[in-house]
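Below: one structure, written as structure tokens.
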Amino acid sequence: MAVNKRRISLREGSLYLDGTMVADAVKVEAVYTPEVAESRGLKEKGLSRRWIGHDITGTITEYRTTPWMYNAIKKYIKDGSTPEFTLTGIQNDKNSDYYDKNGNIKVTLKGVVLTGDLSLLNLDAEGELLQDEIEFGAHDVV
């Protein structure tokens, strides 16, 4: 019997934005939050709950290597159309117990829209490497 448990390493995986690998991605997190309706009828002590919708949000942290975000901002300013992306994350720690039983964890988010502040320019005499933290919301998980 093995002593060491082979939990999933967060370091093993990749991130794709519209099919292009985000080569300098550092961290990504996507969260599904159900919208819950609560109700109670006469003589019921407890609440009944059901999902009636959802919200999908997250954050991408990456070292800036391409102008994809800046180009999306420029396109919006020029033609007024909200930039939407498809984001796919693959977690594939082949040395984990999860992988042995289930394979990769693959999540694809559709209708990804950037939210929050988007950095256009950073200069800092004391700084080192430019890293963006980009918040997003998504419409659907497929």
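- Between I56 and L109, some side-chain heavy-atom pair lies under the 4.5 Å cut-off.
- Using a 4.5 Å cut-off on side-chain heavy atoms (C-beta onward), T88 and L15 make no contact.
- Under the salt bridge (charged side-chain N to carboxylate O under 4.0 Å, His left out) criterion, K75 pairs with D79, sequence neighbours left out.
- Hydrophobic cluster membership of V113, counting Ile, Leu, Val, Met, Phe, Trp and Tyr whose side-chain heavy atoms lie under 4.5 Å apart directly or via other members: none, as it forms a cluster of its own.
- Across all their heavy atoms, P83 and Y76 have their closest contact at CD-CB, 4.2 Å.
- Scanning for ring pair (Phe, Tyr, Trp, His ring centres under 6.0 Å) contacts around F85 gives W68, with sequence neighbours left out.
- Under the 4.5 Å side-chain criterion, counting only non-hydrogen atoms from C-beta, R7 is not in contact with D97.
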Per-pair distances, 0.1 Å, donor-acceptor, side chain in residues 135-142, under 3.5 Å, sequence neighbours excluded:
none

Sequence neighbours excluded and cut-off under 3.5 Å, please list the side-chain donor-acceptor pairs for residues 24-39, or say none.
unit_1, atom_1, unit_2, atom_2, d
E38, OE2, R49, NE, 3.3

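- Not counting sequence neighbours, the partners of I105 by the side-chain contact (heavy atoms from CB on, under 4.5 Å) test are I8, Q91, Y98, V107.
- Residues passing the side-chain contact (heavy atoms from CB on, under 4.5 Å) test with L120 are Y70, I73, sequence neighbours excluded.
- Through ILVMFWY side-chain contacts below 4.5 Å, L130 is grouped with nothing and stands alone.
- Applying the side-chain contact (heavy atoms from CB on, under 4.5 Å) rule to R40 yields the partners E44, L47; only residues at least two apart in sequence or on another chain are considered.
- Annotation for L121: hydrophobic cluster partners, listed by chain and number, are L123 (ILVMFWY side-chain heavy atoms under 4.5 Å, direct or chained).
- Residues in residues 108-132 take part in these salt bridge (charged side-chain N to carboxylate O under 4.0 Å, His left out) pairs, two or more places apart or across chains: R64-D132.
- Grouping Ile, Leu, Val, Met, Phe, Trp and Tyr by side-chain contacts under 4.5 Å, direct or through others, leaves Y99 on its own.
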